[in-house]
Amino acid sequence: MYVINIGRIHMIVPQEATRLCGHDMEEAQSSLENAWLRVEDGKIHSFGSMSELTGDMLAGQDTVDARGGLLLPAFCDSHTHIIYAGSREGEFLDKIRGLSYEEIARRGGGILNSADRVGRASEDELFESAMSRALQMQAKGTGAMEIKSGYGLDTASELKMLRVAARMREALDARVKITFLGAHAVGRAYTGRQSEYVDMLIADMLPAVAAEGLADYVDVFCDRGFFTVDETLRILDAAARYGMKPKIHANELDCSGGVQAGVSRNAVSVDHLERMGAEEIEALRKSETIPTMLPGASFFLGMPYAPARMAVDAGLAVALASDYNPGSSPSGDMRMVMALGCIKMKLTPAESLAACTVNGAAAMELGGIAGAISQGRDASFIITGAVPSLAYIPYAYTEPFIERVCLRGRWL
Ligand code: NIG
Ligand code: FE
């Protein structure tokens, strides 16, 4: 199948580039004007200039006319919590009246509020509601996503969430990676007994998750008021014995040592990073760990934005993700994330796109597989309507821009 009359293809990177670091993120700007792209077996087969396209090449092929729209790789959203039951707009009102995220959590709201509801929901109910969120994400151009557990907080409910995630991986066109986040908060049955909860997580939850082969990664909310660095390291070391690599929540609420903890265990990514200084950047510079920032949570909670500009200038391969969840970021719209990357974090449109695509892929170990335009990668891309330039997309940030989405060779 050929896509023809593409106004411009963006994010063409060499096949071997599994991430873009620092100022190389500007390469997202590298583009081919007036182009065609061929898809074969769900992969990008080849692409080139319309002036070199011959009738012979198109003989017997399906063609799709992009009518001058841009072609961008589909977004890679490397941090979501989209399996949950019910929304939390009651807490939204509490926040409007002045309560902080931490105060709401201390009053038994927040994550525990969602855990109560997930505990009562059936696997099928969770599947239905999470699928509808994921399908919306796909329609908005997301072609790879990570999905976390973490609203179960007891063994049975964590397994229930992970099974839902595994079913979603089968059902969706997007690629899915799955993360076990039993250490999102202390389950209600263990209130006041945090270290016993961690013991139970290591003794019961981890082996059960591993036995069913349900998770690619392990996550811990390593932050003030949640899990300590010591507890985090215990959990990461135990998970490593089952082959689960870390992708952790760190430095959202405090300079908690979470970044250094993640780096010390070769985390695939450390995520949030709203509170981060020179020490954390230095630790990341010496590592392969992807710093993943979640501007939707800063926007929604009124928190500081993570220092993306500083991290890119320091040469890091920054990723941006939605953090889609009912408490701190009830949106999986990666175009909005890309816009916040520009408007609030001072990334250029090309850098922000790279953070939402190729580096998001790297944060799910999909570097070289998704998140960019090169031969052999997933044929997962967005065709835009008539937009004058890449910069227009984050600039006119609420204007519909997607004409069509193709995920692994299938048009939505
Ligand atoms: O990434 N920070 C921790 N966890 C989620 C929020 C979860 C919730 O409030 O339900 C986050 O922002
Ligand atoms: Fe999160």
Side-chain angles (χ1 to χ4, degrees), residues 77-92 94-95 99-119 121 126 129-130 133 145-153 157-158 161 165 177-188 217-227 232 246-254 256 258-259 262 267-276 290-306 319-332 337 340 360 363-364:
D77 190 350
S78 64
H79 182 134
T80 84
H81 311 246
I82 53 174
I83 302 174
Y84 57 85
S87 47
R88 299 208 324 244
E89 63 272 24
E91 291 172 18
F92 175 59
D94 292 340
K95 278 178 214 129
L99 285 189
S100 73
Y101 182 77
E102 284 171 283
E103 281 161 343
I104 291 168
R106 271 200 298 276
R107 292 176 182 205
I111 295 166
L112 292 180
N113 182 352
S114 284
D116 292 340
R117 299 198 204 182
V118 163
L126 291 173
S129 64
R133 290 175 200 117
M145 64 181 80
E146 181 253 22
I147 303 176
K148 298 177 192 295
S149 68
Y151 293 127
L153 309 183
S157 297
E158 284 294 310
M161 288 188 77
K177 291 285 185 129
I178 301 174
T179 301
F180 167 58
L181 174 55
H184 198 190
V186 175
R188 282 215 200 269
Y217 305 112
V218 63
D219 191 348
V220 177
F221 189 4
C222 177
D223 224 320
R224 184 178 70 204
F226 290 85
F227 293 89
T232 301
K247 271 172 75 66
I248 68 171
H249 282 72
N251 296 53
E252 174 183 1
L253 307 171
D254 202 1
S256 55
V259 168
V268 174
S269 68
V270 288
D271 301 29
H272 267 292
L273 313 179
E274 287 82 356
R275 327 277 163 168
M276 178 164 87
I290 297 271
T292 299
M293 302 177 176
L294 312 170
S298 298
F299 174 72
F300 188 76
L301 295 182
M303 290 188 298
Y305 286 82
L320 298 179
S322 73
D323 196 18
Y324 193 174
N325 77 76
S328 67
S329 184
S331 162
V337 170
L340 289 171
M364 295 183 272

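Please read all numbers here as calculations on a predicted model, not as lab measurements. Hydrogens, waters and symmetry mates play no part in the numbers below; they use all other heavy atoms, side chains included. Counting starts at 1 for both ligands and their atoms, in listed order.
If you check which protein heavy atom lies closest to atom 11 (C) of ligand 1, you get Asp323 OD2, 3.1 Å. Looking from atom 12 (O) of ligand 1 to the surrounding protein, the closest heavy atom is Ser328 OG, 2.5 Å. Of the protein's heavy atoms, Phe221 CE2, 3.2 Å lies nearest to atom 3 (C) of ligand 1. Given atom 4 (N) of ligand 1, the protein heavy atom at minimum distance is His184 NE2, 2.7 Å. Of all protein heavy atoms, the one lying nearest to atom 2 (N) of ligand 1 is Glu252 OE1, 2.7 Å.
One of the N, O or S atoms belonging to Asp323 lies under 2.8 Å away from the Fe ion (ligand 2). Here His272 does not reach the Fe ion (ligand 2): none of its N/O/S atoms is less than 2.8 Å from the metal.
Using modelled atom types and a 3.5 Å distance limit, the side chains of Asp323 and His79 yield a donor-acceptor pair.
Classification of the His81-His249 ring pair by plane angle, with boundaries at 30° and 60°, yields tilted.
With Thr292 contributing its side chain and Ala319 its backbone, the two residues share no donor-acceptor pair below 3.5 Å. Arg88 places no side-chain N or O within donor-acceptor distance of the main-chain N or O of Asn325, the cut-off being under 3.5 Å.
For the pair Tyr101 and ligand 1, a heavy-atom separation below 4.0 Å is found. For Tyr151, the closest heavy-atom approach to ligand 1 falls below 4.0 Å.
Residue-level proximity to ligand 1 for Phe226 is absent, since no heavy atom of it falls below 4.0 angstrom.
Restricting His249 to its N, O or S atoms, the one at the least distance from the Fe ion (ligand 2) is NE2.
Put simply, the residue from His184, Lys148, Lys247 that forms a side-chain hydrogen bond (donor to acceptor under 3.5 Å, both in side chains) with Asp219 is Lys148. Across Lys95, Arg107, Arg224, a single residue satisfies salt bridge (Lys or Arg N to Asp or Glu O under 4.0 Å) together with Glu102, and that is Arg224.
Closest of all the heavy-atom pairs between Ile111 and Phe226 is CD1-CE2, 4.0 Å.
Rounding to the nearest 0.5 Å gives a distance of 9.0 Å between CG of Leu294 and CG of Asp77.
Under a 4.0 Å criterion applied to the non-hydrogen atoms of His79, ligand 1 contributes the atoms 1 (O).
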